[in-house]
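The next block holds one structure in the form of structure tokens; read it before the comments.
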Amino acid sequence: MSCLSSNFKFVFLAFTVIWITVMSSSLAAVDASNVTTIGTGSVTYDRRSLIINGQRKLLISASIHYPRSVPAMWPGLVRLAKEGGVDVIETYVFWNGHEPSPGNYYFGGRFDLVKFCKIVQQAGMYMILRIGPFVAAEWNFGGLPVWLHYVPGTTFRTDSEPFKVENEYGNYQNAYGEGGKRYALWAAKMALSQNTGVPWIMCQQYDAPDPVIDTCNSFYCDQFKPISPNKPKIWTENWPGWFKTFGARDPHRPAEDVAYSVARFFQKGGSVQNYYMYHGGTNFGRTAGGPFITTSYDYDAPIDEYGLARFPKWGHLKELHKVIKSCEHALLNNDPTLLSLGPLQEADVYEDASGACAAFLANMDDKNDKVVQFRHVSYHLPAWSVSILPDCKNVAFNTAKVGCQTSIVNMAPIDLHPTASSPKRDIKSLQWEVFKETAGVWGVADFTKNGFVDHINTTKDATDYLWYTTSIFVHAEEDFLRNRGTAMLFVESKGHTMHVFINKKLQASASGNGTVPQFKFGTPIALKAGKNEIALLSMTVGLQTAGAFYEWIGAGPTSVKVAGFKSGIVDLTASAWTYKIGLQGEHLRIQKSYNLNSKIWAPTSQPPKQQPLTWYKAVVDAPPGNEPVALDMIHMGKGMAWLNGQEIGRYWPRRTSKYEKCVTQCDYRGKFNPDKCVTGCGQPTQRWYHVPRSWFKPSGNVLIIFEETGGDPSQIRFSMRKVSGACGHLSEDHPSFDVENLQGSEIEKDKNRPTLRLKCPTNTNISSVKFASFGNPNGTCGSYMLGDCHDPNSASLVEKVCLNQNECALEMSSSNFNMQLCPSTVKKLAVEVNCS
């Protein structure tokens, strides 16, 4: 990679590859093969923690990948992470974004790494920089440039002379045999030889040589131990959600379980924990890998794809971080004492002679709540939860008790409006222009060959699209012609998707999926007497991102046969096939040079519907307001979209099977896996596609769509992501101990009472109270119901305190509610409000 310069100093270098950087006024230069640091400061470690400038540090880190958002979003994302109790921002470095072709370097726009690092510096935070060059990350080709595969003598991820440093290699090292072992040792030695003066890390590397630190990636890392007892326990990837693939269900990880995993990690001696992802963002353009990874990389992360805090997850983790930080001195300067509190219950106590004491009480039972005795006091532990006692007496946080609000988020549709500069603005219907692609070879063929070529080896990922075209002659006396029947086409493919055109008409589409990209299918086709053209449009949907020898995994058809002839099955596999790489529109760059190719476009007030292989262009105004914007493509088929030349990405509202199993409410208890809490059965995996606000001009915005199979462009809408309301649900036994008073001599038990806090977005207020009940309400946000215990003054009190306010606090006290109500019931307060 090109050498970068910036006015901050890297003070912890890791080798997943990772750096943790402390921000100062020093200078640093970064190179793929060399890292130098200038300035003062030191980072060391021992068995308990990292030691930065002589001080032990307990670090909460947040993954935010700079090219998965845009520069205009970066300050807000970093600020929101810091507000959430995060110390460190983590990101990969994406080689294929920075060197798209050999020697052609790019560090602008979304790939302005230096600018991103400076924003982190200005926020006064540390940084983990995972330099790769292999990153996986559901990113196209694992972050490696495709051209690297074609450098002579190169084999990825082994002791191949042209290849470089590693990431998550331990999962695949054995597949490479002795070469893999030599490669891992070489990579570590090469990293250490840079003499950066800071430690290196290798995640998922089970034989990391000293002094490199091996680290953990998983949903749970409390039981992880470094291979050396002299190294700190570091969790480089805690997955607070999961990624999505087109056609699959939508996974969600409950906030309670994420908090449980974090609390257990620090309970068991952890000192650095990183959320992968804290903000997932968007796979703009063709950066999504997989294959079949969606354009959205939301990841169910604490900050959503659009840059909004995801409540309750963000808020619940913020409270957890605050409490864990209050325990930092006790945790990092003492060894724990383990106490059994029951068959599946235990306590870890960190205590020293100075009086510092912190305790974690855990209930690993995934079904039953338990009451445990700790230091002669009874504590109620919900199933699958951890209570944190920063003073070894008072519960400041329980992972299963969510006290922060849940935000109600809607996608509000906005029609596409003709731009203000349009001479035809008074016409109600939007003015469209279209360009129709030719099915099959356009222009001059690239080459003709007997049999099939591999799709990826042919396109080298310069495009998703490759045409395979041949012909078949049909005699008039064939039975299927005389009887007005059809022949059958049978295709097998290595992946990923395909459209079949017979005599320029779309006949069928087929696809693999995120689990099995290969597919085979049979479809009736309409042939005529004489010569018939068969044109197969083969498409990739992101290249393989990981796995042993993954660079050798191909795509494209492997067998084509036609049945129904008197003579039997006609095998076209070895026939002469004519090839054309890409689309004519791509060749003309009409998605970029929209002002220079007006003759290509044909104007129309009524864009054609359900027409395949069609480019659409419209000039529109920016949506009003400042809320995040998305493109609603529910009425389109499959294709790609651009705004003002910026790549929105692949769209494909591919539906999941309605027969799959989904949940309406997730039980947080028990170990999480990506199939545990899924939604969206029978729905499109992705309907909305993020269009960053910074890409819009006030007017004159050029929206371009390429549609592969046919849709209704007149139904395309912008949608604004709005927080329209908030809910809160709190019980009177919710932890209310204020850790800020931890240093006080005596804590007044009644000083702090459980308080429900509700907040609307900036510049909006609570406009109405939809539901309010103090007693034993039940249900969830959006569907609360009264129980048989209810304070009739609940609604009036909430309205008095909250109406027309941006935020309000409802203390569960006798001055607000009838605390004597239903004395045998643990009372709860549930509220839902609207924001406007």
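Residues take their numbers from the sequence shown, with the count starting at 1. As a basis for the values below, the full set of heavy atoms in this structure was taken, side chains included, without hydrogen atoms, waters or symmetry mates.
Aromatic pair Y105/H98: ring centres not closer than 6.0 Å. Less than 6.0 angstrom separates the ring centroid of W615 from the ring centroid of W642. The distance between the ring centers of H321 and Y275 falls below 6.0 angstrom. Taking the six-membered ring where the residue is Trp, the centroids of H65 and F116 are separated by 6.0 Å or more. Y306 and W688 have their aromatic ring centers separated by at least 6.0 angstrom.
Nearest approach of Y689 to W652, heavy atoms of both residues: OH-N, 2.9 Å. Across all their heavy atoms, A726 and I408 have their closest contact at N-CD1, 4.0 Å. In terms of heavy atoms, A546 sits closest to A136 at CB-CB, 4.3 Å. N217 and C203 get closest at one heavy-atom pair: ND2-SG, 3.4 Å. Between A81 and I89, the shortest heavy-atom distance links the atoms CB-CD1, 3.9 Å. Closest heavy-atom contact between F311 and S407: CD1-OG, 3.3 Å.
A salt bridge is defined here as a Lys NZ or Arg NE, NH1 or NH2 lying under 4.0 Å from an Asp or Glu carboxylate O, and R68 with E138 fails to meet this definition. A salt bridge is absent between K244 and D298: the closest approach of a Lys/Arg side-chain nitrogen to an acidic carboxylate oxygen does not fall below 4.0 angstrom. Salt-bridge formation is detected for the pair R130/E90: a Lys NZ or Arg NE/NH1/NH2 atom is positioned less than 4.0 Å from an Asp or Glu carboxylate oxygen.
By the 4.5 Å heavy-atom criterion applied to side chains, Y616 and L703 are not counted as neighbours. Contact of the E647 side chain with the Q591 side chain is not registered, since no non-hydrogen atoms from C-beta on lie closer than 4.5 Å. For the pair V691/F696, a side-chain contact is recorded, criterion being any heavy-atom separation below 4.5 Å from C-beta on. Residues R693 and M720 are in side-chain contact: their nearest non-hydrogen atoms beyond the backbone lie under 4.5 Å apart. Contact check for W242 versus D300: no side-chain heavy atoms found under the 4.5 Å cut-off. Within the 4.5 Å cutoff, the side chain of E99 has heavy atoms near those of the W147 side chain. Between W239 and E237 there is a side-chain heavy-atom pair separated by less than 4.5 Å. Inter-residue side-chain proximity for S694 and P71 is flagged as unmet; no heavy-atom pair is nearer than 4.5 Å.
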I'd like to know whether F718 forms a side chain to side chain contact (heavy atoms under 4.5 Å, CB included) with L631, so could you lay out the CA-CA distance, the side-chain angles of the two residues, the decisive distance to 0.1 Å, and finally the verdict. CA-CA 5 Å; F718 285 130; L631 200 61; 3.6 Å; yes
Start with the C-alpha gap between T282 and T295, add the side-chain angles, then the distance that decides, and say whether side chain to side chain contact (heavy atoms under 4.5 Å, CB included) holds. CA-CA 6 Å; T282 307; T295 300; 3.9 Å; yes
Taking it one step at a time, do D464 and R650 satisfy salt bridge (Lys or Arg N to Asp or Glu O under 4.0 Å)? CA-CA 10 Å; D464 281 358; R650 300 182 183 99; 2.8 Å; yes
Under the criterion side chain to side chain contact (heavy atoms under 4.5 Å, CB included), I'd like the reasoning laid out for T685 against T245: C-alpha separation, chi angles, the key distance, then a yes or no. CA-CA 7 Å; T685 303; T245 58; over 6 Å; no
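Using modelled atom types and a 3.5 Å distance limit, the side chains of N140 and N96 yield no donor-acceptor pair. Q686 and S296 are not linked by any side-chain donor-acceptor pair at a separation below 3.5 angstrom, with hydrogens and angles left out of the test. Side-chain atoms of N644 and N701 form a donor-acceptor pair, as typed in the model, at a separation below 3.5 Å. A donor and an acceptor atom, one from each side chain of N274 and S63, are located under 3.5 Å apart. Donor-acceptor pairing under 3.5 Å is recorded for the side chains of W74 and S69.
When the salt bridge (charged side-chain N to carboxylate O under 4.0 Å, His left out) test is applied to E83, no partner is found at least two apart in sequence or on another chain. Every residue two or more places apart in sequence or in another chain that forms a side chain to side chain donor-acceptor pair (under 3.5 Å) with D304 is listed here: R721. Take C760 and apply the disulfide bond (SG atoms under 2.5 Å apart) test, not counting sequence neighbours, and it matches C835.
Residue K617 holds its NZ atom at 9.0 Å from CD1 of I600, rounded to the nearest 0.5 Å. Interatomic distance, CZ of F243 versus OG1 of T294, reported as 9.5 Å (0.5 Å rounding). Rounding to the nearest 0.5 angstrom, the gap separating the OG1 atom in T91 from the CG atom in L113 is 7.5 Å. Taken from CD1 in I716 to NE2 in H635, the straight-line distance is 10.0 Å, to the nearest 0.5 Å. Summarising the geometry, atom OG1 belonging to T679 is positioned 9.5 Å from atom CZ belonging to R249; distances are rounded to the nearest 0.5 Å. In this structure, CD in E586 is found 10.5 Å from CG in L588, a value given to the nearest 0.5 Å.
Screening R687, E707, K638 for a side chain to side chain donor-acceptor pair (under 3.5 Å) involving Y651 leaves a single residue, E707.
Other residues, nucleotides and ligands contribute only 12 or fewer heavy atoms inside 6.0 Å of the CG atom of N763. Within 6.0 Å of NZ in K722 there are 12 or fewer heavy atoms belonging to other residues, nucleotides or ligands.
Distance alone, capped at 3.5 Å, places no donor-acceptor pair between the T540 side chain and the G542 backbone.
Ring geometry for Y66 against F94 counts as perpendicular: the plane angle is over 60°, on a 0 to 90° scale with 30° as the lower cut. Aromatic ring orientation, Y276 versus Y299: perpendicular (interplanar angle above 60°, classes split at 30° and 60°).
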